[in-house]
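Everything below concerns the one structure shown next.
All values below come from the heavy atoms of this structure, side chains included, with hydrogens, waters and symmetry mates left out. Lettering follows sequence order; numbering is per chain, from 1.
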Amino acid sequence: MSLKIYNTLTRDKSEFTPIEEGKVRMYVCGPTVYDHAHVGHAMSALVFDVVRRYLEYSGYSVKYVMNFTDIDDKIIDRAIRLGVEPITLAEQYIEEFKDNLKNLNILPATEYPRATEEIEAIIDMVSKLVAKGAAYEVDGDVYFRVETDKDYGKLSGRKLEEMNAGSRIRVDARKENPMDFAVWKAAKPGEPAWDSPWGLGRPGWHIECSAMNLSHLGEQIDIHGGGNDLIFPHHENEIAQTEAVTGKPFARYWMHNGMLQLKGEKMSKSLGNLIPINEFLEDHSGDVMRLIVISSHYRSPLTFNSDVIEANERALERLLTAKRPAMPSSEGASQSVLDELEAQIQTTRQGFNEAMDEDFNTAGALGTIFDLVRMINQARSEGATDEELAPAQETFNELTGVLGLELAEKEKGTTEADAFIELLLDLRQELRAQKNYALSDRIRDDLVNLGVVIEDTPQGSTWHWE
RNA sequence: GGCGACGUAGCCAAGUUGGUAAGGCAAGGGUCUGCAAAACCCCGAUCACGGGUUCGAGUCCCGUCGUCGCCUCCA
């Protein structure tokens with residue numbers, strides 16, 4: 001078995017082999033922090049969190065870098081409007097985003113570099129580009145000279161000539177070629193600026209990622225990820241810059257997630273259809289968001305609407321049932337049931353790995369986990385004991401863990417309320433025996449309102465937190 | 001206009017190198033229950049449309065229609 005990854009650069013799925021055996025260097029483009037992050041950002045972060053988790057599960061040691069663009073036009077504009085320092089504004093959204101990641105159970109990156117903390121590396125890189133003739137300075141701006149890159153357009157599948165024709169770009173007469181892009185921008189009065197060989201200025205957007213990759217991961221990396229809206233021009237330009245400086249192929253695998261779709265359209269600022277992560281998490285758990293994401297393939301557009309949210313809310317409940325203990329006074333399931341359970345464990349493990357190895361087919365992997373859930377529940381209803389359920393439940397916990405699902409049920413035995421709940425259950429049992437259903441139902445209903453769900457079985461009643 | 005992706009049951013969605021369609025949600029029937037809830041069992045598609053290649057195609061090729069993304073900041 002071996003992992004295969006779809007590579008945007010080669011447009012095919014191929015076996016994953018890292019540069020250095022057992023190690024993976026991975027870089028994912030983080031957000032530009034000028035506003036609250038929305039669920040589209042969450043999707044991307046979740047997709048690559050699962051990639052990272054599966055790589056680690058497969059035995060790789062992963063160095064995972066996610067950047068923050070904390071200086072750009074939009075941040076400056078907004079800061080001016082709010083009357084605060086751009087850096088302060090950026091800082092605030094960075095903290096909020098990290099908080100979002102935590103609430104989504106996304107593993108922290110190994111490093112979170114920021115553009116403003118990499119100025120030296122950026123200037124160094126721009127200098128090298130200029131020295132090599134791959135970039136040129138005009139009035140304090142520095143532009144990348146796309147015509148020096150014979151391969152320019154290889155990631156997005158465009159050709160320079162085609163881009164020039166029909167171009168909707170405002171042509172800046174100072175540029176040698178309309179497609180030349182800024183790697184360094186001269187500062188306008190009042191803007192944050194750093195001293196450089198070309199005067200006061202700040203980095204262009206694309207160069208930061210190139211520089212951070214270079215300084216944090218090296219000249220060549222294994223996986224570069226991001227949303228597919230970044231393919232052009234951002235990633236195309238990253239490749240051009242980095243390869244112009246190093247003379248070596250940059251990233252081995254370019255991975256791009258599809259866009260989250262809201263009412264058939266991409267969620268984006270310009271459409272004004274944003275749902276901030278904060279807002280989503282007010283009403284739903286992080287697991288629900290994650291389940292929505294892993295229910296379909298990461299490269300496909302993600303259908304996101306209230307029906308989907310509701311369906312996944314229910315699917316999550318179903319997953320949780322697998323963790324429930326045996327029925328009261330279970331005496332053990334038949335050998336044939338136990339054999340089937342054992343067989344399902346193996347089938348699920350194999351199916352899970354095969355699906356994930358096939359370019360992170362999380363939906364397929366999830367399907368086989370649901371098969372295990374059904375078998376666990378079946379065994380339980382056939383009288384399996386906790387000991388008999390344990391191996392299957394451990395497998396369940398392990399695999400859902402690889403997908404990053406928390407499935408945190410409020411544990412019994414952890415609150416002081418437990419004893420009182422048991423007491424009420426005993427009381428209710430007596431009332432039922434006396435056929436005093438009015439009162440016994442009232443206990444049940446009132447407990448439900450407190451978040452305690454009662455389940456009656458032929459062998460007695462059990463309860464769990466909602 | 002250029003580049004790319006997609007169109008599978010009511011909804012979401014998987015489908016490796018082509019051999020007769022995972023899973024989830026919803027709906028319906030049943031078991032259990034005093035009732036309920038949960039769980040368990042049963043139940044649904046020939047894969048946008050039209051051609052072609054093949055012994056055989058959702059899965060490859062061509063065309064049509066439709067949806068979406070990128071080409072400008074964007075996960």
For A:E313, which contact category applies under a 4.0 Å heavy-atom criterion: base, sugar-phosphate, or nothing? nothing
Could you work out the separation of B:G50 and B:G7 based on their C1' atoms and round it to a whole Å? 15 Å
Please determine if a side-chain N or O atom of A:T303 lies less than 4.0 Å away from the OP1 or OP2 oxygen of B:A13. yes
Just call it for A:I231: base, sugar-phosphate, or nothing, with non-hydrogen atoms closer than 4.0 Å on any strand. nothing
Under 4.0 angstrom, heavy atoms only, what part of the nucleic acid is A:L291 near: base, sugar-phosphate, or nothing? nothing
Across the strands shown, which category fits A:A315 at heavy-atom distances under 4.0 angstrom: base, sugar-phosphate, nothing? sugar-phosphate
Should B:A57 form a Watson-Crick or G-U wobble pair with both distances under 3.5 Å, which nucleotide is its partner? none
My understanding is that only one of A:F232, A:Y143, A:F144 makes a ring-ring contact (aromatic ring centres under 6.0 Å, His included) with A:F181; could you say which? A:F144
Using atom P in both nucleotides, what's the gap between B:G15 and B:U53 to the nearest angstrom? 29 Å
Nearest-angstrom distance, C1' atom, B:G58 to B:A13: 14 Å
Touch check for A:H234, heavy atoms < 4.0 angstrom, all strands: base, sugar-phosphate only, or nothing? nothing
Rounding to an integer number of angstrom, what distance separates B:C62 and B:U54 when you compare their C1' atoms? 16 Å
Closest listed nucleotide, where the reference is the side chain of A:R374 and the choices are B:A38, B:C40, B:G34: B:C40
Pairing check on B:U17: which nucleotide meets the Watson-Crick or G-U wobble criteria with it, both distances under 3.5 Å? none
Fit a plane to each ring of A:H234 and A:H206, take the angle between them on a 0 to 90° scale, and name the class: parallel (under 30°), tilted (30 to 60°) or perpendicular (over 60°). tilted
Distance, rounded to the nearest Å, where A:R442 contributes CZ and B:C35 contributes C1': 18 Å
Parallel, tilted or perpendicular: which one describes the rings of A:F250 and A:H224, with boundaries at 30° and 60°? perpendicular
Which whole number of Å gives the distance between the C1' atom of B:A14 and that of B:U8? 10 Å
Of the listed B:A13, B:G23, B:G15, the closest approach to the A:S296 side chain comes from B:A13
Regarding A:G30, tell me which of base, sugar-phosphate or nothing describes its non-hydrogen contacts under 4.0 Å with the strands shown. sugar-phosphate
Test: A:E236 and A:K154 ion pair at under 4.0 Å: no
Can a donor-acceptor pair under 3.5 Å be found between the side-chain atoms of A:D229 and the base atoms of B:C71? no
Expressed as a whole number of Å, how far does the P atom of B:U64 sit from that of B:G2? 13 Å
Say whether A:D12 and A:T10, considering side chains only, have a donor N or O and an acceptor N or O under 3.5 Å apart. yes
Of the listed nucleotides (B:A22, B:A75, B:A37), which one gets closest to any side-chain atom of A:E455? B:A37
With heavy atoms under 4.0 Å as the rule, sort A:G40 into base, sugar-phosphate or nothing. base
Taking the side chain of A:P233 as its heavy atoms from C-beta onward, which of B:G23, B:C73, B:A14 lies nearest to it? B:C73
Checking all strands, does A:T32 fall into the base, sugar-phosphate, or nothing category for heavy-atom contacts under 4.0 angstrom? sugar-phosphate
Assign the ring pair A:F16 / A:Y253 to parallel, tilted or perpendicular, where the plane angle (0 to 90°) is split at 30° and 60°. tilted
Please verify the inter-ring angle class for A:Y93 with A:H36; under 30° counts as parallel, over 60° as perpendicular, anything in between as tilted. perpendicular
Answer with base, sugar-phosphate or nothing: what part of the nucleic acid does A:N361 contact at a heavy-atom distance below 4.0 Å? sugar-phosphate
What is the distance, rounded to the nearest whole Å, between atom CD of A:E354 and atom P of B:G23? 16 Å
Applying side-chain hydrogen bond (donor to acceptor under 3.5 Å, both in side chains) to A:N278 and A:E96, what does each step give before you reach the verdict? CA-CA 9 Å; A:N278 287 337; A:E96 184 180 288; 3.3 Å; yes
B:A48: pairing nucleotide in any strand, Watson-Crick or G-U under 3.5 angstrom: B:U64
Which of these nucleotides, B:C40, B:A37, B:C68, is closest to any side-chain atom of A:Q261? B:C68
Side chain A:R432 and base B:G34 donor-acceptor under 3.5 Å: yes
For a 4.5 angstrom cut-off between non-hydrogen side-chain atoms, does A:H284 reach A:I309? yes
Using the P atom on both, measure B:C47 against B:C60 and round to a whole Å. 15 Å
Side-chain N or O of A:R318 less than 4.0 angstrom from OP1 or OP2 on B:C40? yes
Closest to the A:R158 side chain, choosing from B:U16, B:G2, B:A13: B:G2
Take atom CD of A:E15 and atom C1' of B:U16, then tell me their distance rounded to the nearest Å. 14 Å
Using the P atom in both, what is the distance from B:C43 to B:G23, to the nearest Å? 11 Å
Nearest-nucleotide 5' precedence on RNA chain B, A:S300 against A:E317: A:S300
Go ahead and name the base partner of B:A22; Watson-Crick or wobble counts if both distances stay under 3.5 Å, otherwise write none. none
Could you check how far CZ of A:R290 sits from P of B:C12, rounded to whole Å? 24 Å
note: A:N312, atom CG; B:A26, atom C1'; distance rounded to Å ~ 13 Å
Name the residue closer to the 5' end of RNA chain B, choosing between A:D441 and A:M43 according to the nucleotide with the nearest heavy atom. A:D441
Nearest listed nucleotide, side chain of A:R11, among B:G4, B:A37, B:A26: B:G4
Residue A:A363, side-chain atoms from C-beta onward, closest of B:A14, B:G34, B:C12: B:A14
A:L230 CG to B:C71 P: how many Å, rounded? 10 Å
Report yes if a side-chain nitrogen or oxygen of A:Q378 is closer than 4.0 Å to either non-bridging phosphate oxygen (OP1 or OP2) of B:C41; otherwise report no. yes
Is the phosphate of B:G69 approached by A:N228 (side-chain N or O, under 4.0 Å from OP1 or OP2)? no
Does the pair A:K74 and A:D35 meet the rule for a salt bridge (charged side-chain N to carboxylate O under 4.0 Å, His left out), with working shown? CA-CA 9 Å; A:K74 289 193 294 285; A:D35 202 348; over 6 Å; no
Have a look at A:R444 and say if it touches a base, only the backbone sugar-phosphate, or nothing, with a 4.0 Å heavy-atom cut-off. base
Scan every strand shown for a Watson-Crick or G-U wobble partner of B:C3, both distances under 3.5 Å, and answer none if you come up empty. B:G69
Are the ring of A:F370 and the base ring of B:G24 both nearer than 5.5 Å at their centres and tilted by less than 30°? no
To the nearest Å, how far apart are A:R380 CZ and B:C41 P? 12 Å
Could you give the CG-to-C1' distance, from A:L320 to B:G24, as a whole number of Å? 14 Å
